[in-house]
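I have a structure I would like to understand better, so I am pasting it below and will then ask my questions one at a time.
To find a chain, count down the sequence lines: A is the first, B the second, and so on, and within it residues start at 1. Source: prediction; values computed, not measured.
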Number of protein chains: 2
Amino acid sequence: MSDETAAFCCPDHSGAAPAEAILAAAEDKARARGLRLTPVRRRTLEILLQAHGALGAYDVLERLAAEGFGTQPPVAYRALNFLVENGLAHRIRRLNAFTACTHPGHDHRAAFLICETCERVTEAAAPDLSKALGAAAAQAGFTVERVTVEAVGRCRACTQARA
Amino acid sequence: MSDETAAFCCPDHSGAAPAEAILAAAEDKARARGLRLTPVRRRTLEILLQAHGALGAYDVLERLAAEGFGTQPPVAYRALNFLVENGLAHRIRRLNAFTACTHPGHDHRAAFLICETCERVTEAAAPDLSKALGAAAAQAGFTVERVTVEAVGRCRACTQARA
DNA sequence: GCCTTGACTGTTATTATATAACATATCATA
DNA sequence: TATGATATGTTATATAATAACAGTCAAGGC
Ligand SMILES: [Zn+2]
Ligand SMILES: [Zn+2]
Ligand SMILES: [Zn+2]
Ligand SMILES: [Zn+2]
């Protein structure tokens, strides 16, 4: 799926990664909610954070296996699903991949911006979006529970690089 | 591009889909744009329309094969991709499935409402959504090209049934 | 202490989804 | 009718995800 890790993790790929801060926040959250952020799970989150982009389950698995964790798909899928269910990571369906949540401190409805040039994923807060969708859904008598928003386009860095 | 559509094929799953009308519209569109709506492609669209919901590629394939078309995955994937690329169908990523476009007459940004009880999919026109997303994306310097919006929740029929 | 219980981790095996590569057939049109 | 482009079909393979089950381990009741 994707290649190597960079030490940055930020909305527009322009600044230093608050990876440590995010990890710390995840630990706080886990403590507060009684979640068990076990070694595989924690390491999986770290792997996602270091990747600076979305990673496929098998990419994650490869790294976990290399570090002495289990070598079979369920190991990665279980850790990833745990993170997703607890708001510490997100699943990017268009890419069949996962990415660390960049602001795990609170529940949110996020939109994902997928650059088709560099393949990196940015998580954007988009509160208005829920509203707009809620209205459209209400018209149809539909009650919305969860929403996935994934946009494909071009990130700032790639736009500038091409200009 | 529009907002005036009767956005819902069958909001509460209570009426028959206007399949013939949609199919006719698809043929008009194909003629107008010089698309080749060949037998497999046309039949694939019909299959989607008759399904009243999203179908997986292998489900479509099964039906096609039973009718004398090819029996191998690429047959279904090619027809489905053709339909998607030309706005006659949509891919529902959350379900790994495809659904006929219920208003193929014009380009649109649609949102999909997926009922987690009956698993049926409704296509809702949601023009405001693009705006809201565009704003959020602009903040990050991101240029949006295509957007996927998929909501999971409960449709009117299922809500009423449970009440 | 020790036993039960439930959550977690790991395994093997299988299922599900999607594409690559290539041969044949059909269509457009010159 | 020849010719190049498009479409259809095949075999084979790649990629993604889950099922089912066994061993581990720590917490809480006795
Ligand atoms: Zn997030
Ligand atoms: Zn980019
Ligand atoms: Zn549509
Ligand atoms: Zn329903």
query = Considering residues at least two apart in sequence or located in another chain, which fulfil the side-chain hydrogen bond (donor to acceptor under 3.5 Å, both in side chains) criterion with B:N81?
reply =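 Per chain and number, B:N81 pairs via side-chain hydrogen bond (donor to acceptor under 3.5 Å, both in side chains) with no residue.
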ask   = Whole-Å distance between D:dA16 P and A:R94 CZ?
value =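 One finds 16 Å between P of D:dA16 and CZ of A:R94, rounded.
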key: Interatomic distance, B:L37 CG vs D:dT8 C1' [rounded to whole Å]   =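 My rounded result for the distance is 15 Å.
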key: Test salt bridge (Lys or Arg N to Asp or Glu O under 4.0 Å) applied to A:R36 - qualifying residues, sequence neighbours left out   =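 Once residues adjacent in sequence are excluded, A:R36 has no partner under the salt bridge (Lys or Arg N to Asp or Glu O under 4.0 Å) criterion.
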task = Not counting sequence neighbours, list each pair that qualifies as a side chain to side chain donor-acceptor pair (under 3.5 Å) and has a residue in residues 139-148 of chain B.
result =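 For residues 139-148 of chain B: A:R94-B:T148.
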message = Using a 4.0 Å cut-off to any heavy atom of chain B, which nucleotides of DNA chain C are the first and last in contact, reading 5' to 3'?
response =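 Span of nucleotides near chain B: C:dT17 to C:dC27.
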message = Would you say that A:L37 contacts A:L35 through its side chain, given a criterion of any heavy-atom pair below 4.5 Å between the two side chains?
response =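 Not touching, per the 4.5 Å side-chain cut-off.
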message = How many whole angstroms separate atom CD of B:E67 from atom P of D:dT8?
response =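 For the pair B:E67 CD and D:dT8 P, the rounded distance is 15 Å.
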Could you pull out the protein-nucleic contacts involving nucleotides 17-27 of chain D (nitrogen or oxygen on both sides, under 3.5 Å)?
| unit_1 | atom_1 | unit_2 | atom_2 | d |
| --- | --- | --- | --- | --- |
| D:dA17 | OP1 | A:R91 | NH2 | 2.9 |
| D:dA17 | OP2 | A:Y77 | OH | 2.8 |
| D:dA17 | O5' | A:Y77 | OH | 3.2 |
| D:dA17 | N7 | A:Y58 | OH | 2.6 |
| D:dA17 | N6 | A:Y58 | OH | 3.4 |

key: Spacing of B:L64 atom CG relative to D:dG9 atom C1', expressed in whole Å   =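 These atoms are roughly 13 Å apart.
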ask   = Can you pull the ring pair (Phe, Tyr, Trp, His ring centres under 6.0 Å) pairs that have at least one residue in residues 112-163 of chain A, sequence neighbours excluded?
value =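 Listed once each, the pairs are A:H90-A:F112.
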key: side-chain contact (heavy atoms from CB on, under 4.5 Å) involving A:A26 - partner list, sequence neighbours excluded   =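 Here the qualifying residues are A:L45, A:L88.
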task = Look at B:T71 and D:dT10 and indicate whether a side-chain polar atom (N or O) is within less than 4.0 Å of OP1 or OP2.
result =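 Indeed, a polar side-chain atom of B:T71 lies that close.
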task = Sequence neighbours left out, what pairs pass salt bridge (charged side-chain N to carboxylate O under 4.0 Å, His left out) with at least one residue falling in residues 51-73 of chain B?
result =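 Listed once each, the pairs are B:R43-B:E67.
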ask   = B:A97: what forms a side-chain contact (heavy atoms from CB on, under 4.5 Å) with it, not counting sequence neighbours?
value =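 Applying side-chain contact (heavy atoms from CB on, under 4.5 Å) to B:A97 gives B:A54, B:L95.
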